[in-house]
Amino acid sequence: MVDLLARTFNVDDFESLARKVLPRPVFDFYAGGAEDERTLRANRQAFEVMGLAPRVLVDVSAPNTQVELLGAGVSMPVVVAPMGAVGFGCRKGDEAIAAAAAAAGIPYILSSTATASIETIASVSSGRKWFQLYPLKRADLMWRLVDRARAAGFEALVITVDVPVGGKRERDLHNDFAMPFRFTARNLSAFAMRPKWAAGMLMQGVPVMENLKELAPEGSKAAGLASSVGAGFDCGFTWQHLAELRRRWHGPLLVKGVLHPSDAAQAKALGCDGVIVSNHGGRQLDSGVSALSCLADIVDQVGSGMEVYMDGGVRRGSDIVKALARGAKGVLMGRPLLFGACVAGQPGAERVLAILKDELLRTLQLCGVAELAAISSELVQQPCTSSSQASSTTHHHHLLNRHFAIASRDTTHTQA
Ligand code: FNR
C-alpha cells in the first residue's frame, strides 16, 4: 500500500488505479457524466485553455495557503465536495474521506445521500463539517435532517439546487447500474471480474443511504431505497422554499449548483452566505456551461458580502490558483478524493490532498505569489475566446491551403 501511494504523483493517478480496483459499472457511475459528457469535459477544458502569467523576483520562500472560509481558518482553500453512494466503491469510504479532510485541515461536506450517517461522520471527524441537503418532498424529514446536522455540530448547510430531476447517465444505462442496485445477467460478469469487491457486497450487503432510510418503504432494506430517494426529491422547490430554509437555519447557508449571475444575486438577496458555482461535475444537465467560465460574472454580480465557491474539474494546484484568480473564495473537489479512498482508504484520500497542497504551493512560488490575497485576475490570461479561436482556425486553414497549394505545384512539377 505504501509503495502504491509512493508511486502516485498527481491526482489523476488515482483515477487510473481506481479503474483497476472497481467493477466497471461502479467506476463509470463515479467517473461519468450525463448524456454526451460535454459538460464533464468542458469543466476540464476551461482550466486547460486558461494560462497563468507569472511574476518574478518576489520572495516566495514561504507562501501561505491558509485562508478563512465562512469565518474560520483552513489550511488551503479546498473543501471536500458532497458525494453520495461512496460506500459502493469503498466500505467506510465516507468516514475515510471525512477523516482525511480533518487531518488536512479543510472542511468536509457530507451528502444527504451518503452511505454514512450524520452522527457517524461527527464521531470520526473532529474537523469542520458542513451538511449538504437535497430538497425533499417529505418536508418533515428534511427538517429532521437539518436538526440532526445542527445537533451533531455541522456548522454550515449546503442546499443543492441542480437536481430537480436526475441527469441522464448513459454509462449507467449501458452497464445496467441502477438504483436500487441489483445483480443482473448483463452486469454480473463485470462484478465477477472484481471478486474482492463482489465478495464484500455479498457478505456485508449493499450499502444504504444512511440519512434517507426513512424514505425507504421498509426501514433500511436496500431494495427500493435509492429509487424511493430519487422519487423523494422535490422538483417544486423554489425561491420561497429557500427563503424558509434561510429563516429556519441560523448558521451559514450555501446554495450549490448556481451558474447564472441573477440566481447568485437572488440567493444573496435572500441572505444566503455563499454560492457554489457548479454543474454537479457534469452529472446533471449536459451541454451546461463549465463552472469556471461562469465564475467571474457571478463574482462581479454579487460583489463582496457573499462567498463564491466553484467545483468541477479541479485536478491540479494550478487549477485552484486559476479559480481564485477568477474570484473564487475556494474550490470543492469531488471525484479524486473518492478514487483516493477506493484505492487506499483514508491514506489514499490524504495522499490526494497532500499532492494537491504541494502543487498549490509550488504553483504559487512559480507565479511569484507569496499569499493567496495577492492573487488577482492579472494572473490569468483570458482563455481563447470564440473570436480568437475563430481567427486561429482561419490562420490554420490559411496554412493548410498554402501547404496544399505548394504540394500540388510540386506534384505538377514532378509530373511535368
Ligand atoms: C456527486 N455530487 C454530489 N453533489 C451534491 O450536492 N450531492 C450529492 O449527493 C452528490 N453526489 C455525488 C456523487 C458522485 C459519485 C459524484 C462524482 C458527484 C457532485 C459533487 O458534489 C461535485 O459537484 C462534483 O463532483 C465536482 O466535480 P469533480 O471535482 O468531481 O470534477
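Values below: every heavy atom of this structure, side chains too, minus hydrogens, waters and symmetry copies. As the structure lists them, so they are numbered: ligands from 1, and atoms in each ligand from 1. Not measured: the values here are computed from a predicted model.
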Between the candidates [options], which shows the shortest non-hydrogen contact distance to [atom]?
atom                    : options              : value
atom 27 (O) of ligand 1 : P336, G312, G334     : G312
atom 10 (C) of ligand 1 : G89, G281, G32, P82  : P82
atom 26 (C) of ligand 1 : V11, V26, D311, V158 : D311

When you look for heavy atoms under 4.0 Å from ligand 1, do you find them on the side chain of Q132, its backbone, both, or neither? side chain
Any idea which part of R315 is under 4.0 Å from ligand 1, heavy-atom wise: side chain, backbone, both or neither? side chain
Ligand 1 to [X] polar contact by distance, N or O atoms, under 3.5 Å:
X    : result
G84  : yes
A81  : no
R283 : no

When you check the side-chain N and O atoms of [X] and [Y], is any donor under 3.5 Å from an acceptor?
X    : Y    : value
N211 : S117 : no
S123 : T120 : no
Q240 : T238 : yes
D162 : N279 : no
R315 : N10  : no

For the residue pair [X] and [Y], establish whether any side-chain heavy-atom pair is separated by less than 4.5 Å.
X    : Y    : answer
Y30  : F339 : yes
V80  : L332 : no
L337 : M333 : yes
V255 : V158 : no

Below 4.0 Å from ligand 1: does a non-hydrogen atom of N43 turn up there or not? no
Any A85 heavy atom less than 4.0 Å to ligand 1: no
Would you mind running through ligand 1 and noting each atom that sits below 4.0 Å from a heavy atom of [X]?
X    : answer
G313 : 28 (P), 31 (O)
S111 : 8 (C), 9 (O)
S278 : 23 (O)
T160 : 5 (C), 6 (O)
T113 : 9 (O)
K256 : 4 (N), 5 (C), 6 (O), 19 (C), 20 (C), 21 (O), 22 (C), 23 (O)
Y30  : 15 (C), 17 (C)

Could you tell me whether R7 and D3 have a side-chain N and a carboxylate O separated by less than 4.0 Å? no
For F183 together with F191, are the ring centres under 6.0 Å from each other? yes
